[in-house]
A.B. asks: 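Quick one: the structure is below, and I'll ask about it shortly.
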Amino acid sequence: MVDISAEKNEKSKSSRRKSADFWIMVIVITLTATGIIMVFSASYAFAYNSFGDVFYYLKNQLKFALTGTLVMLAAMNFDYRHYAKLSLPLAVFSIILLFLVKIPGIGHEENGAMRWIYLGPVNFQPSEIAKISVIMLLSLSLSKNRKNLGKFLSGFMPYLAIIAFYAVLLIWEPHMSAAIILILVSFILLFIAGARLAHFAVIALPGIAAVTAVILKVDYMRTRVLSFLDPFKDPLGEGYQVVQSLYAIGSGGLLGKGLGKSLQKFMYLPYPHNDFIFSIIVEELGLVGAFIILLLFAVLIWRGVRVALSAPDSFGRLLAFGLTCLIGIQVILNIAVVTSSMPPTGVSLPFLSAGGSSLVVLMGSTGILLNISKHTGREA
Amino acid sequence: MKYPGEKKVFLTMRKRLLFVFALLLAMIIGLLLRLTWLQIVNGPELQRLASIQQSKGKETYPRRGSILDRNGNELAVSAAVYTISINARDMNNKYDAAFIKNLADKMCDLLDIEGEEAEAVILKFSSTNGYELIKAKTDIEIGNKVKEWVTEAGISDVNIDIDSKRYYPYGSLASHVIGFTRTDNVGNDGIEAIMEEYLRGVPGKMLREVDAQGFVLPFFGDEYYIKPQDGLNVVLTIDETIQHLASEALDKAIEDFKVLNGAAAIVMDPNTGEILAMVSKPDYDLNHPWAAPPGIENEGWTGSSSDDVKILQSSVWRNKAISDLYEPGSVFKSITAAAALEEAAVTPETRVDDYPVELSGYLLECWSRPNLHGEESFREAMYNSCNPVFVKVARQIGIAAFYKYVKAFGFYDRTGISLYGESSGYFHEIPTELDMAVASFGQRFQVTPIEVICAYAAIANGGKLIRPMLVKELRDSSGSLVRSYKPEVVRSVISRTTSDTLRDILQGVVTYGTGHNAYVPGYRVAGKTGTSETTYDEDRYIASFSAFAPADNPAVCVLVILDNPSGEQYMGGVTAASVAGRLVRNILDHLGVEKIYTEEEAANIDIPVTVPALTGMGTAEALTLLDKLGLGYKIADTLTDAYGNRSAVNMEDKIFEQAPKAGTTVVEGSLVFLYTYEPDEELLVTVPDIQGLGISEAAAILNDSGLNLRSEGSGTAVRQSIPAGSSVKAGQVIEADFLVLGIDVE
């Protein structure tokens with residue numbers, strides 16, 4: 001690849017050089033390209049309805065895919081070890097953004113939540129940056145601090161505090177799904193970094209109790225959980241999205257109705273190009289299409305794991321795996337929601353869902369992963 | 001960054017990392033399984049629900065299949081109508097308010113909408129909705145006018161969609177079989193409901209119109225138009241003519257016998273189980289199924305409120321032929337006889353007697369007491385319908401055997417006819433000796449009419465219980481056969497020999513016994529009367545007659561049930577028998593079944609004669625001709641002398657006028673009234689009362705008055721077509737019904 005010659009000249013102390021992981025690159029580009037097509041297919045009715053322009057989301061997606069690709073290529077060629085120095089400033093920056101988004105005029109409301117910051121033509125969600133920033137911060141800190149991790153109060157608890165701080169900020173927006181993803185990825189990092197299982201056990205009990213209490217107390221969460229148990233009970237109310245999603249999935253069959261032939265996207269399934277794009281994919285491309293998409297994600301995760309295992313240092317290893325999990329968890333949550341396997345929550349499908357900042361950040365993450373893959377410490 | 005134990009730490013990390021990886025993979029596999037499950041197990045149902053939703057609002061409707069009788073007559077058809085809607089939002093984006101108001105006015109004008117309704121239409125035109133319904137199911141001509149206007153004016157936001165409306169050309173005919181559809185074209189009752197999945201077809205889809213909000217999306221070509229598949233035509237086993245005959249027969253019976261609680265008739269081909277006619281009275285006009293039934297206040301009637309629907313369901317919508325439970329009475333004796341003959345407990349010639357039987361403190365006696373029939377053959381006991389004889393033979397074969405046959409004849413099961421609302425009969429679960437004794441002559445249990453006719457079909461067809469059939473075949477809109485339904489034998493009940501014997505006996509019941517009113521010369525009618533009190537109230541009874549013909553090779557099985565005839569002079573099965581007999585005759589005439597007369601019948605047969613043209617002939621010549629044809633005559637003469645004697649007939653006079661007119665068919669021996677002068681007006685005579693007289697007596701009295709008789713049935717006259725005391729033209733034919741009375745007041 002192009003970068004190899006450029007990198008060859010650079011001296012490296014602890015790692016050998018090799019080319020970036022070919023599979024990761026190919027899969028991400030394939031998924032992104034599929035995403036562009038599917039976003040167009042799923043969105044044109046909605047786009048026409050909302051903007052009078054059937055190409056609205058296609059244009060957007062192309063724009064962001066292009067930006068994302070550039071960011072990915074840049075990140076691929078930016079030595080990941082520099083992030084060690086950058087992660088703390090980035091963490092501070094992301095926290096500032098999380099506060100800024102709550103200020104009317106800077107933050108923008110969508111569906112009752114302050115999640116967006118509009119910067120001229122560029123809109124982004126601070127939560128996306130927060131996720132990456134937490135992964136970097138934890139990877140750095142855990143790679144240096146592993147000896148202390150064994151202690152509950154001085155080792156384990158500070159991390160918990162950091163995670164909780166971010167989570168509270170996200171829940172405050174409110175952006176529940178981002179908080180869930182952030183917590184899950186952080187815990188995975190703590191876990192693989194060697195945190196004691198006993199410590200997890202200690203916090204598990206009050207954690208579960210707190211979550212249960214919140215679900216029972218907060219009305220919209222309770223109805224969501226209940227609607228998940230029987231979406232058909234109120235198919236026009238709480239269960240609407242899920243029921244519509246199931247209709248789409250059920251209509252797909254083995255081979256689907258054919259590209260572009262979904263009927264559910266015609267205003268039945270709300271935002272068919274966003275969180276529920278997978279339903280439209282199944283409706284149009286069938287079980288076979290869905291299987292191929294999931295297979296691509298599975299291979300992507302596997303390659304990510306390989307990169308992590310062969311990373312030259314702990315920071316690279318944790319960072320690589322954190323980013324891989326960020327993708328994997330979003331895939332799992334998204335598909336669990338659209339197949340009504342868990343209560344609905346707004347998680348987009350990486351690379352496939354329409355959505356600007358998310359796609360750019362995910363492709364950027366892939367770039368970081370690709371860069372780590374170029375540094376091989378020991379053989380995995 | 002090196003520190004002691006790094007190797008171990010790395011190994012832990014590697015292990016945990018792989019563990020998380022495995023977990024992620026497992027979840028992905030789990031979701032894949034969930035996805036597969038959704039598609040394979042829930043797929044069809046989800047697809048159906050999705051398709052219902054996507055077809056809502058704007059779809060292209062398939063033509064609902066027609067319902068045809070067995071000869072292809074259309075009993076239910078869908079006619080095209082238009083549904084007119086507008087896309088008000090697009091319209092308002094294009095035109096100004098004044099122009100739109102104009103459009104709305106013009107639309108109201110074309111659709112003939114005025115007043116408040118017109119204001120509602122104008123409001124719809126100014127709305128911002130993508131879809132506003134202006135008028136549903138408007139006639140094709142009016143729709144075409146709107147179409148023309150829209151095309152000329154070049155307005156693109158008016159949608160004129162083809163829709164369909166159900167018509168029932170025969171009105172109330174076979175209403176309970178055919179059923180009707182709701183306004184959304186979904187079958188609500190009868191065949192319309194039970195065959196819904198075949199009749200409805202598959203809606204087509206206009207994808208640009210599937211958008212839930214009525215948006216027309218650009219660049220949708222024809223490939224996005226999925227053509228609707230028309231529904232299948234359902235061909236019934238019903239014969240429209242026979243259905244008509246049966247319906248008319250019941251209408252007449254209800255009037256003649258003052259039947260208070262409705263009536264039912266079923267006509268079945270005993271060999272195939274095909275239902276040729278099924279009538280339940282009262283019935284209703286299928287084109288207006290929600291109209292208030294006769295006798296119900298129209299005030300405040302909506303037809304759709306739950307109270308109204310309950311009234312409809314319990315009156316005109318009720319299919320008495322399958323929903324009513326009744327005691328069959330003596331009709332059931334055929335079942336007891338079948339069991340006894342099959343078990344070889346009796347032969348037709350076995351000597352029996354109708355002396356009373358005492359059982360559990362009850363005395364079971366013959367209806368004819370105190371004039372008992374005494375000792376008689378089993379065949380005669382059937383003719384005479386003697387209850388004690390059946391009690392005795394039933395006891396002879398025993399409870400187990402008796403109920404084995406009751407069960408085999410299908411009285412413990414629904415017949416499974418393809419209609420909703422079939423009741424399940426009530427028969428003893430754990431029968432006692434007394435239960436059986438009373439059941440042997442058809443009392444103290446409840447069955448449905450359809451069960452009874454199926455049992456009689458089994459007797460008629462050689463012993464096989466056959467599932468009643470209403471649907472003969474399914475055909476597609478081009479007429480090609482899609483599916484053909486075959487007769488289904490449920491089980492063999494009795495042997496062919498028993499069937500042969502019983503058919504012969506039942507023919508005797510009609511020819512010589514209590515069923516005589518069903519007698520039709522030449523058609524060998526077999527059957528049995530039944531009279532049963534109901535459990536509802538004491539004075540209400542049900543008269544029924546179950547018949548088949550010709551007895552030696554049955555072509556039809558007929559069951560007639562009159563619920564509560566209240567005429568005073570005649571009781572019981574007499575009424576139903578005469579109705580059934582005439583119905584059998586009309587049906588066999590229609591089917592072209594050959595009449596085979598016995599010698600006696602041939603001798604007594606009424607020979608039809610066509611009245612010749614006599615005007616202009618000399619009197620002598622005319623009288624010779626009439627004599628030759630076997631017709632009588634009467635010559636009108638106003639020349640009456642002072643003593644009241646008429647002057648002699650001058651044979652030279654020419655005939656000026658005759659009654660009946662030339663070409664009329666009368667029976668041999670009828671009278672032709674002749675005028676030897678040009679009458680100012682034809683002579684009027686007074687109709688005599690012939691009720692209670694025998695046929696020949698009645699004919700003589702009518703002839704004396706210068707009238708002719710056309711008789712139906714035998715016995716004594718119970719009804720005349722023109723009431724006594726009326727003035728009619730001389731030579732007129734008076735129709736009269738004759739019944740044999742008092743033979744089966746069971």
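So you know, we letter chains A, B, ... as the sequences are listed, proteins then strands, and number each from 1.
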A.B. asks: Would a distance-only check, ignoring hydrogens and angles, find a side-chain to backbone donor-acceptor pair under 3.5 Å from B/Arg34 to A/Thr339?
C.D. replies: yes
A.B. asks: At a heavy-atom separation under 4.5 Å, does A/Ser340 approach chain B through its side chain, its backbone, both, or neither?
C.D. replies: both
A.B. asks: What heavy-atom pair brings A/Ile192 and B/Met13 nearest, and what distance separates the two atoms?
C.D. replies: O-CG, 3.1 Å
A.B. asks: For A/Phe291, is the CZ atom crowded, meaning more than 12 foreign heavy atoms sit under 6.0 Å from it?
C.D. replies: no
A.B. asks: Mind ranking B/Ile40, B/Ile29, B/Ile28, B/Thr12 by heavy-atom pairs under 4.5 Å with chain A and telling me who comes out on top?
C.D. replies: B/Ile28
A.B. asks: Between A/Gly304, A/Ser341, A/Ala193, who has the most heavy-atom pairs with chain B when the cutoff is under 4.5 Å?
C.D. replies: A/Ser341
A.B. asks: Could you state the interatomic distance from CG (B/Leu23) to SG (A/Cys325), rounded to the nearest 0.5 Å?
C.D. replies: 10.0 Å
A.B. asks: Identify the two heavy atoms, one from B/Arg14 and one from A/Leu309, that lie closest to each other, and give their separation to 0.1 Å.
C.D. replies: CG-CD2, 3.7 Å
A.B. asks: Checking A/Ile293 against chain B: side chain, backbone, both or neither under 4.5 Å from a heavy atom?
C.D. replies: neither
A.B. asks: Could you check B/Leu46 against A/Ile249 for side-chain contact (heavy atoms from CB on, under 4.5 Å), going step by step and ending with a plain yes or no?
C.D. replies: CA-CA 8 Å; B/Leu46 289 170; A/Ile249 290 171; 5.8 Å; no
A.B. asks: What part of A/Phe321 gets closer than 4.5 Å to chain B, counting heavy atoms only: side chain, backbone, both or neither?
C.D. replies: side chain
A.B. asks: Among the options A/Ile332, A/Ile329, A/Leu294, pick out the one with the most heavy-atom pairs lying under 4.5 Å from chain B.
C.D. replies: A/Ile332
A.B. asks: Looking at A/Phe200, I want to see if its CZ is surrounded by more than 12 non-hydrogen atoms of other residues, nucleotides or ligands under 6.0 Å.
C.D. replies: yes
A.B. asks: Is B/Leu18 in contact with chain A via its backbone, its side chain, both, or neither, using a 4.5 Å heavy-atom distance?
C.D. replies: side chain
A.B. asks: Set out, in order, the CA-CA distance, both residues' side-chain angles and the distance that settles side-chain contact (heavy atoms from CB on, under 4.5 Å) for B/Gln39 and A/Leu254, then state yes or no.
C.D. replies: CA-CA 8 Å; B/Gln39 299 215 299; A/Leu254 189 64; over 6 Å; no
A.B. asks: Quick check on B/Leu25 against chain A: is it the side chain, the backbone, both or neither that has a heavy atom closer than 4.5 Å?
C.D. replies: side chain
A.B. asks: Could you look at A/Ile188 and say if it's the side chain, the backbone, both or neither that has a heavy atom under 4.5 Å from chain B?
C.D. replies: side chain
A.B. asks: Around A/Trp23, counting heavy atoms of other residues, nucleotides and ligands shown, do more than 12 lie under 6.0 Å from its CH2?
C.D. replies: no
A.B. asks: Less than 4.5 Å apart, side chain to side chain, heavy atoms only: is that true for B/Met27 and A/Val331?
C.D. replies: no
A.B. asks: State the CD1-CG distance between A/Ile335 and B/Leu35, to the nearest 0.5 angstrom.
C.D. replies: 7.5 Å
A.B. asks: What's the shortest heavy-atom distance between B/Leu31 and A/Ala336, and which atoms?
C.D. replies: CD2-CA, 3.7 Å
A.B. asks: Is A/Phe278 close to chain B through its backbone or its side chain, or both, or neither, when contacts mean heavy atoms under 4.5 Å?
C.D. replies: side chain
